[in-house]
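Heavy atoms only: backbone and side chains are in, while hydrogens, waters and symmetry mates are out.
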Amino acid sequence: MRILICDDHPIVRKGLREILEQEGAPVTIEETASAEEALEAARKKPWDTVVLDITMPGRSGLEVLKDIKRERPDVPVLVLSVHPAEQYASRVLRAGASGYLTKESAPEELLTAIRRIVRGGRYISPSVGETLAASLGRPAGELPHQGLSDREFEIVRLIASGKRASEIADQLHLSVKTVSTYRARILQKLNLHTTAEIMRYAIHHGLVD
């Protein structure tokens, strides 16, 4: 089995490698530490699966996910994230991921998920299933943030975590002007007027950890 691991934390990559190698089956593993490296590696070789973090330096992991699925639609991607399911699960599944796990998951669940998606299936943990079921039960249009683009959603989360525009720009490799433009769009889409209102909205709807 050929597995590409994309995560910017060396200790996480090492732990994933050990879990996969201890399974016993022959496995070839390559590691990448940034969104750009992940996409480049995904293009070069025929992977059986990609294990992808969605919070990495540079471009958003969500954007990388979409690029991978656009260029290599047959490669299943398992998103492994520190963020709770209610924040990202529906977005990554809509973007083409074959499964979503949080980093709190047990090693056995990771192996189960990889086996299933390599066979062409999908893996949704019970917590993710509950999140998706709850979202289906909401009236259409009830939650304005569901209409945000992936980049806007990411910036909402960063604003709500207390980061200034300059810090967001540095983290996402954008200009401060571009971040301000995104902020203006976010205010319009959420029908809000101030940064403080964005923070309250994000906290109220569980968009931040």
Handout entry: H9 NE2: over 12 foreign heavy atoms closer than 6.0 Å
Key = no

Exercise for the section: Would you check if V77 and K69 make a side-chain contact, meaning some heavy-atom pair closer than 4.5 Å? Expected result: yes

Exercise for the section: Calculate, to the nearest 0.5 Å, the distance between atoms CZ and CD1 belonging to R116 and I124 respectively. Expected result: 9.5 Å

Handout entry: Pairs meeting criterion salt bridge (charged side-chain N to carboxylate O under 4.0 Å, His left out) with involvement of residues 184-204, two or more places apart
Key = E152-K189

Fill in the blank from the handout: CG (D150) and CD1 (I155) are apart, to the nearest 0.5 Å, by 11.5 Å

Practice task
Report yes if some heavy atom in the side chain of L158 is under 4.5 Å from a heavy atom in the side chain of V179; otherwise report no.
Solution key: no

Completion exercise
For A160 and A202 the tightest heavy-atom approach is CB-CB, 3.4 Å

Problem - Aromatic plane relationship, H145 with H205 - under 30° parallel, 30 to 60° tilted, over 60° perpendicular - result: tilted

Completion exercise
Applying salt bridge (Lys or Arg N to Asp or Glu O under 4.0 Å) to R70 and not counting sequence neighbours gives D67

Problem - Non-hydrogen atoms of W47 and R72 that approach each other most closely - result: N-NH2, 4.1 Å

Fill in the blank from the handout: Between T102 and S105, the two heavy atoms sitting closest are O-OG, 2.8 Å

Completion exercise
Taking every heavy atom of V50 against every heavy atom of I68, the minimum-distance pair comes out as CG1-CD1, 4.4 Å

Fill in the blank from the handout: OG1 (T181) and CD1 (I186) are apart, to the nearest 0.5 Å, by 10.5 Å

Handout entry: Hydrophobic cluster of I5, others only, ordered by chain and residue number, side-chain cut-off 4.5 Å
Key = M1, I3, I11, V12, L16, I19, L20, V27, I29, V51, L78, L80, L101, L110, L111, I114, I117, V118, Y123

Problem - Results of salt bridge (Lys or Arg N to Asp or Glu O under 4.0 Å) for K103 - residues two or more places apart only - result: D7, D53

Practice task
Can you establish whether the number of heavy atoms outside R164 located under 6.0 Å from its atom CZ is more than 12?
Solution key: no

Practice task
Kindly indicate whether the side chain of P76, heavy atoms from C-beta on, has any atom under 4.5 Å from the side chain of R122.
Solution key: no

Problem - I54 vs Y88 side-chain heavy atoms within contact, under 4.5 Å - result: yes

Completion exercise
Between A97 and V79 the two heavy atoms that sit nearest each other are CB-CG2, 4.0 Å

Practice task
For residues H193 and L187, determine if any side-chain heavy atom of one lies less than 4.5 Å from a side-chain heavy atom of the other.
Solution key: no

Problem - From Y100 atom OH to R91 atom CZ, the distance as rounded to the nearest 0.5 Å - result: 12.0 Å

Exercise for the section: Give every residue pair that meets the side-chain hydrogen bond (donor to acceptor under 3.5 Å, both in side chains) criterion with at least one member in residues 31-41, sequence neighbours excluded. Expected result: R13-E31, R17-E31, E40-K44

Fill in the blank from the handout: In this structure, CD of E154 is separated from CG of L148 (nearest 0.5 Å) by 12.0 Å

Handout entry: 4.5 Å side-chain heavy-atom contact, Y182 and L174
Key = yes

Exercise for the section: Find out whether L207 and F153 are in side-chain contact, i.e. whether some heavy atom of one side chain is under 4.5 Å from a heavy atom of the other. Expected result: yes

Problem - side-chain hydrogen bond (donor to acceptor under 3.5 Å, both in side chains) partners for E71, two or more places apart - result: R43

Problem - Minimum heavy-atom distance between C6 and A38, given as atom pair plus value - result: SG-CB, 3.4 Å

Problem - Distance (rounded to the nearest 0.5 Å) between E167 CD and S161 OG - result: 8.5 Å

